Every structure is written in structure tokens, then in C-alpha cells.
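Everything below concerns the one structure shown next.
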Amino acid sequence: MARIKEVRDERNPGEELTVNGWVRTRRDSKQGFAFIELNDGSCLGNLQIVVDQETKGFAESTKEITTGAALTITGTLKESPGKGQRVELHASELKVLGTADPETFPLQKKRHSFEYLREIAHLRPRSNTFSAIARVRNAASAAIHNFFQERHFLYVHTPIITTSDCEGAGQMFRVTTLDLARLAGIQTEIDYSQDFFGKAASLTVSGQLEAEIYATSTGPCYTFGPTFRAENSNTTRHLAEFWMVEPEIPFFDLNDNMQLAQDFIKHVISHVLETCAEDMEFFNQRIEKTVLETLQHIVDHDFERVSYTDAIEILTSSKKEWEFPVEWGHDLQSEHERFLTEEHFKKPIILFDYPRTIKPFYMRCNDDGKTVRAMDVLVPRIGEIIGGSQREERLDVLEARMKECDLDPEEYWWYLDLRRYGTVPHAGFGLGFERLIQLLTGMQNIRDCIPFPRTPKNAEF
RNA sequence: UCCCCUGUAGCUCAGCUGGUAGAGCAAGCGGCUGUUAACCGCUGGGUCGUAGGUUCGAGUCCUACCGGGGGAGCCA
């Protein structure tokens, strides 16, 4: 048995082989033969199968060879006289493994809207676009591990269920075994001591705090796993369940962190461009005609590093009309970020040293008393793809910051212990994996960049 | 959560200022062809998102709800 990618790329005319796959389309000749385009998901291209009356099993199953049907075919590979393919398989034997009634099969041999395909998420990976996304997603995952493994980072599995109630990164999904229907009737304060973990538990919004534990024990490390945010976000770049990559490195400052983030993104892009050439060509032609150019440009240039304060200066001195005013101390709006990365610098930028009032407690305070060592990587079209910082390693400063943010240091006793015993400067960041896939593929909507998207009011499949 | 747009055949859409529905593609059948987003002809297919309302009459106007999309906020 051979996979179609292998047949198309490596096998030679004359070889006898068997392939399995699904029919994409079929072109008939009444003279008794037909062309079947077979795809098995191993690559974008189909294998052209030539069947005729000599093909065992063809005559009796002609009606069943429709778009979507699963076939197994044995035959001889031949050089193709037609245009569009190097080789084609002349079938000696054909068997229909599974039929697909053309009257009801939802995928037709025509273009479908992404919205429609989202409603049939169980079948959409059988389409060109979604199988290509799946392969790019796979290649990007491999590139992420390569990048860190080559640098001897430890892959750490941080917990999915957490009881540290306020990690600070937004609304959390509650995890419970309590009988909610019954509790709703009683209407008293919920007693979490009766719950599975003996206290309130939630799905993680970040593995950062736990990653810091390993960074300050076993050295540079990274997490790569699912993350959950219960925010009621309805945009093309937010998911309730998404995958995040979070490296954490001891003896690192913000500059080291910015360099790592840049090297990391460039590495993943380069790897995908190399290993998914056919899929990337498809995205460039059919999805977004500037992806290849954009990605190459990112690989070839350094990211622009701009302090928050300088960014404010650039924005106020540009003669743009802003819907939201630009003012030091306020977070930048989408329109501001887009202007900086898409119009002003026209490449990825790293904004750093944000006002402390708009950033979380764990970011290291600068000596100016106003800013923290935060960084955001913004890329054209997507916006923020990475958020990170140098962490506050000074116990007294960290405690003071927690109180400033209305957090109870007691709750974070173990996090503070890392500063109490052998504290070191360290830094890290979080990369939204699906946003990276958006950047790589040119897909507009993040819901098409994950196999089974979870968004408000949607968790089908 | 807020703002805007949208919901008509399997899919993508048209249907102007209200008079009970149409195209392309898909599908079925037939023809043609070493074809390749194949091509040509014929045929079938819709209680116009749901519930109310205005009107002699509503796909078309109004209200509510539900679904989808885009933008904003939250962030990755």
C-alpha cells in the first residue's frame, strides 16, 4: 500500500502498487473508460486513476464511484500523456470500500464557503483548504518542538485543571462534579469544600506560573498545550479553547526574550515554507495572494523594537485621525497596532516597556516607577501574536505589586517561594498557536485554523 | 457584551419603490471527449430562519427571538 504523496513524488512508471483514498471527482468517457481523482490527505494533489472495462470491479460499481466514496485500487503506474500530472495509475482492480450518496453527501465538487464548511467540521478536512491547514498545523507543531529541542529546552506538561483562582488572564471555565441542577434549586452559597478537589477549580488560562517553577529548577523550558478562556469574545482571532506555546527561561532579560521570540517565529515560518511548499503555494493562490511574500519578508528582516512610549510618540505625530484617542497610560487600540505594524513599519514589531497600570502583577518593574518589562509582538494582519515579559524576581516588589493589583499573596505562596529561595532573573512569553496558523496560511478566521473550534454558543463536534 | 450586515433550491446568490419565486454550480438522465475547475442538452428540486403584526395582499414593511458574518472590547 502506498500513500498518494509518495506515489506522486517518488514512484516510477512500471511499478505495481495499491492506493486507498476518497474520490474527489470523476470524468467519464462513454467509450468505456474514466478518470478518477483520488485523494488520501497525504498531500494536496490527487492521483489520477485510469479505469476501463478491463479493470476488475469497475463495471459493477460504476454507479458507486462518486465524489466522497472510499476506494482501494491496485494497478500499474504509467507516465501520464495528459497535462497536469507526472504519473497516473492504470487500475487493474478497483473496490469500493464505502459509498457516498451524491444526493446527500454535503461536499460537492465545487467551492464552498468557510462558514458552510464550519457547519460540517467532521467532513471539512476532506476539502483542499482544510487538509492543507491540517498539514501546515502539523508542520508548525513539529517546528516548535524542533526549535526548542535543538536549544535543549525541556518540554513541560503544565496542568489543565488549576485551583489558583486568579491567574489574572481573564474569565475561567469552572470545573466541577457538583450537581449544578440541584444547587440551582437551593440557591445558597456554593460550598466548594464538597467539590471534587475540595476547592474551586478551573481550566487553565496559562501554564506560565507552573512553567516558571521548572525554568527555575531544570532550566529553559516550554509548554505547548490547550488553554481556555471563558471570555465572550466574538472575533476572527479569539477562541475559547486554543493552543499556546509558552517558553520560560532563567537568567534571561527582556532583550534576550525579544531575540528568542523573533528567532522562534522565523524558525517556524522557515520550516513550514520548506516542508509544505505545495500547500503554501495553494494558500498563496487561493486564499491570500500575499502570504508567501509576507512570510518571506518576515524571515528576511529583523523585527522592529519600539518602546511603548516611542510608539505613542509615533502615533500622535502621525497625522492620522483616530477613532480612539492616543494617550500615554492607555492600552493601544487595534487601529493603533495595525497602523504601526501594517503602515508605519510594514513588518513585525515588538513593543516593550508598557505602563505598569495596564499590565499584570508578575511583570518586572522598571526603575522609572512607571513601566514594566512587558513585550508584545505584533504582526501585520493578525495583530498581537505573542505577549511576554521579564518576570519580577524581587520578592518585596512582587508582593507589593500583588497588593496593588488586589491579589492575595497568600494564594500565591508557592509562586512567591520561587522568589524566597534562590530567585533569579527570568523571562518568557506566550504565543497563540492558531494566530500563528492564521499568519502562515492567510486564513482570515481563527475558527478555520483549529480542527474543532470552540467559541461562544458553539462546541459542536 | 456593544455596533453594523445577513438568513430565499444541496451550495453560492438575484428578487428595484409590497401583487404568492429565478440564475449559476451541484445532483439525476442522455450526448461528446485522454479527460483534468472538462464540455453540451434535458429533468427534478423551495411551507423564502422562527413567531407575531401592518395590509385586500409580505420573500419584500414593522417587532421579538434564533442562527451566521464583519467591526469593537477582552487577549494569545
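Throughout, protein chains are lettered first and strands after them, A, B, ... in sequence-line order, and every chain is numbered starting at 1. Just so we're clear, the structure is a prediction, and the values are computed from it rather than from any experiment.
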Using the [atom1] atom on both, measure [N] against [M] and round to a whole Å.
N: B:C2; M: B:G73; atom1: C1'; value: 8 Å
N: B:A14; M: B:G52; atom1: C1'; value: 28 Å
N: B:G30; M: B:G70; atom1: C1'; value: 45 Å
N: B:A21; M: B:G59; atom1: P; value: 9 Å
N: B:G57; M: B:G19; atom1: C1'; value: 7 Å
N: B:U6; M: B:G46; atom1: P; value: 27 Å
N: B:C32; M: B:G41; atom1: P; value: 15 Å
N: B:A72; M: B:G18; atom1: C1'; value: 36 Å

Nearest 0.5 Å, please: how far is NE2 in A:His336 from OG1 in A:Thr341?
15.0 Å

If I take atom CD from residue A:Glu241 and atom CG from residue A:Leu203, how far apart are they, to the nearest 0.5 angstrom?
8.5 Å

Is a donor-acceptor pair below 3.5 Å formed from side chain [X] to base [N], judging by atom type as modelled?
X: A:Ser233; N: B:C74; result: yes
X: A:Glu115; N: B:U6; result: no
X: A:Glu88; N: B:G34; result: yes
X: A:Asn234; N: B:U1; result: yes
X: A:Arg435; N: B:C75; result: yes

Want to settle it: does A:Glu103 or A:His112 sit nearer the 5' end of RNA chain B, counting the closest nucleotide to each?
A:His112

Any strand counts, and the cut-off is 3.5 Å on both contacts for Watson-Crick or G-U wobble. Which nucleotide pairs with [N]?
N: B:U1; answer: B:A72
N: B:U17; answer: none
N: B:G24; answer: B:C11
N: B:G59; answer: none

With a centroid cutoff of 5.5 Å and a plane-angle limit of 30°, would you call A:Phe35 stacked on B:G34?
no

Side chains of A:Ser307 and A:Asp353, donor plus acceptor under 3.5 Å:
no

Ring pair (Phe, Tyr, Trp, His ring centres under 6.0 Å) contacts in which one or both residues fall within residues 437-461 of chain A, not counting sequence neighbours
A:His122-A:Phe461

Kindly state whether the ring of A:Phe352 and the ring of A:Tyr308 have centres lying under 6.0 angstrom apart.
no

Is any side-chain nitrogen or oxygen of A:Arg237 closer than 4.0 Å to OP1 or OP2 of B:A72?
yes

